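So the structure is just underneath, and the comments pick up after that.
Numbered from 1 within each chain, the chains take letters A, B, ... in sequence-line order. Because the structure is a prediction, the values reported are computed rather than measured.
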Amino acid sequence: MNLSGGLKIKLRFADNREKEISDLSELKKQLKKNGAIAVRLDSGLKDLDSIKEITLQASVEAITFDSIDGREIYRHSTSHVMAHAVKELFPAAKLAIGPATEEGFYYDFDIDRPFTLEDLNTIEKKMTEIIKKDNQFIRKTIPKKDAIDLFKKMGEDYKVELLAEIADEDVSIYEEGGFVDLCRGPHVPSTGAIKAFKLLSIAGAYWRGDEKKKMLQRIYGTSFSNEKDLKKYLDFLEEVKKRDHRKLGKELDLFSISEDIGPGLILWHPNGAIIRKTIEDFWMDEHLKADYKILYSPHIAKLNLWQKSGHLDFYRENMYSPMEIEGIEYELKPMNCPFHISVYKNSLRSYREFPIRYAELGTVYRYERSGVLHGLLRVRGFTQDDAHIFCREDQIEDEILNILDFTLFILKTFGFDSYDIYLSTRPEKYVGTLENWERATSALKQALEKKGLSYEIDPGEGVFYGPKIDIKIRDSLNRAWQCSTIQVDFNNPERFDITYRGSDGKGHRPIMIHRALMGSLERFFGVLIEHYAGIFPLWLAPVQIRILTIAERHSDYASEIAKVLKGEGFRVETDLENEKIGHKIRETTIRKVPYLVIIGDKEIAEGKLAVRKRSGENIGPFTTNEFIGIIKSEVDSKQ
RNA sequence: GCCGGGGUAGCUCAGUGGCAGAGCAGCUGAUUCGUAAUCAGCUGGUCGAGGGUUCAAGUCCCUUCCCCGGCUCCA
């Protein structure tokens, strides 16, 4: 049956298969059969229902939960159902906004009483009822002024405020089971399309993210196209919790934050400190190989220095109050750059020395609002793996290429080989000329393109002194973390009036590049802990080998082996306690020590070592020398 | 900073007005054992800090410090 004659529809499925259809009811059937929740027409994403308006040739794409757009529609619809449930249970609650997020959705409510965890259960039950009713999502287009009247009558002040900002004459509203919400859509066809959902948490959130505006109550949730995937996601959240660096930091005795010392200030315990030292040694060696010069600089400097650098003008809100010493004000350093510049300025520089690369593991202190502090990932005192490169303008691109290579090499050593790269351009508050910004930005762009690295532009997110490249690493759970940054700086060379002597014998202004590869040792360590789930590769493991004895008569032999291994530079411990071997293995495995060496009568008689890995796998037996060879090559490989 | 939830032994946590608890860890002893927890005993507390209510406060009230979740993603 072909009612509209000449109807010719090209239907594309989620897996890119295509099919020609000339009948609307057939189209409907196909969409349903393939799990479509919405469609993309030439005019954009639409409700399934809107295909009835098709009269001519058209291409229709089936949108399912498996696409980003599909998930967004699906979860946005779930948020509507949640708002519906909340309105039924708490009629006084006012609706704000309820979008989908990357992993779920939320809805903000203005309600006099904050939600509790029990409320979430009640709301979930109500949502299940609404889903069971399988209410149709009905779209209506009405004049904006009618919508304003409607929502005014409903007491939905926030919707009225949103409407006032919409420029269009007409707006769309969606109704489902008597629940009406202002919404652009599209939506799933009916509430029954939502197969699996879960409310996750409650939080405060400012209306429109503005801290001067009212604090609303936000409920977060997520939804999936089936229970199995929802379960998988909830398991993932459990895994994230298990890997939390704050939890592992305590369990493995890596670091602590003491209330007595202050929030955001890190104490590195022996187990964490030895990892840090190993990272620092690696960092130092590689920098020397890469023609960097190492510097050390003080933690405080005269306030004037920060005046001169412009930090007092542009960075004051992140700086601590000055302290007075013999009538002169000093300031805790929030950045290392002015110190490196002072070293540069200490003698006359020639273009022949360029590029000059100064690197420092420089500890800086920055004020962060108490609410944003987070374990090792957001702190108030941290050590940057900082460097400043002084070069000519025509050397920028090569240097950036250089740094990109270096960064990727360092990150790869720690098992990070997937990145998101962002190029941040000029912000509202900035220094330097537009021409400078333009030139530097295009140098960064060209370097990225030459390396064949894909990147996104982050408009207006550059630092006040220059454009930058940020590299976010993806960890083993595919979460993104901001660590590396490469920034061009044309503020400081001007402000400090630094120059170099060119081949023409005249003074010129150098370009400065500021870069950090791991970012801060604290944050990088936090990310590493979660990335490895505390199971550090051998070269980083705080204790690399633990020697366990079967009985007390094996102690002497075990101590001798320990001495030999320590002599070879390994981090070794012995467990000579009067405990059963099962107990010792358990204790050592929980501490995630890579190698367990077990010594009993048999080993002493044969002069060999029984070796067990933390995974539970037994290898060997080996002679001591064989074992040393194996672990040496494993340490060298940094795997 | 703001909203909400928390802070009890080294760790994980129970304890809603009436004698501060458990498991693990630690210490002591017994056992001398072959691949993820041997047994017994003991020690351990300013219940985050300060103030208040009460015959009596870990518990109720106020203040404060710290921790946790969140505060960009615009119907």
Looking only at side-chain atoms of [X], point me to the closest of [options].
X: A/A203; options: B/rG1, B/rU38, B/rG69; answer: B/rG69
X: A/I598; options: B/rC73, B/rC71, B/rU35; answer: B/rU35
X: A/I550; options: B/rC74, B/rC11, B/rC33; answer: B/rC33
X: A/A551; options: B/rG1, B/rU32, B/rG34; answer: B/rU32
X: A/T101; options: B/rC74, B/rG34, B/rC73; answer: B/rC73
X: A/A205; options: B/rC71, B/rU38, B/rC73; answer: B/rC71
X: A/R612; options: B/rC74, B/rA36, B/rG1; answer: B/rA36
X: A/R246; options: B/rC68, B/rU35, B/rG7; answer: B/rC68
X: A/E259; options: B/rC66, B/rG70, B/rA36; answer: B/rC66
X: A/I590; options: B/rA36, B/rU32, B/rC67; answer: B/rA36

Does [X] put a side-chain nitrogen or oxygen below 4.0 Å from OP1 or OP2 of [N]?
X: A/K250; N: B/rU12; value: yes
X: A/H374; N: B/rG69; value: yes
X: A/R218; N: B/rG69; value: no
X: A/H583; N: B/rA36; value: no
X: A/Y220; N: B/rG4; value: no

task = For A/S256 and A/S258, indicate whether the former's side chain and the latter's backbone hold a donor-acceptor pair under 3.5 Å.
result = no
ask   = So, A/E175 side chain and A/G178 main chain: donor-acceptor pair closer than 3.5 Å or not?
value = yes
Parallel, tilted or perpendicular, as decided by the 30° and 60° cut-offs, for the rings of A/H80 and A/Y107 = perpendicular
Can you tell me how far [atom1] in [N] sits from the matching atom in [M], rounded to whole Å?
N: B/rU8; M: B/rC3; atom1: C1'; value: 26 Å
N: B/rG18; M: B/rA56; atom1: C1'; value: 7 Å
N: B/rA22; M: B/rA9; atom1: P; value: 14 Å
N: B/rG17; M: B/rC47; atom1: C1'; value: 15 Å
N: B/rG34; M: B/rC27; atom1: P; value: 24 Å
N: B/rC39; M: B/rU32; atom1: C1'; value: 14 Å
N: B/rU35; M: B/rU43; atom1: P; value: 35 Å
N: B/rG6; M: B/rC61; atom1: P; value: 12 Å

Applying a 3.5 Å limit to both distances, which nucleotide forms a Watson-Crick or G-U wobble pair with [N]?
N: B/rC27; answer: B/rG41
N: B/rU54; answer: none
N: B/rC74; answer: none
N: B/rG21; answer: B/rC13

request  = Measure from CG on A/N618 to P on B/rG34 and round the result to the nearest Å.
outcome  = 15 Å
remark   = Contacts of A/I257 and A/Y206 projected onto RNA chain B by closest heavy atom; the upstream (5') one is A/Y206
ask   = Going through the checks in order, is the side chain to side chain donor-acceptor pair (under 3.5 Å) test met by A/W207 and A/D108?
value = CA-CA 8 Å; A/W207 169 232; A/D108 287 345; over 6 Å; no
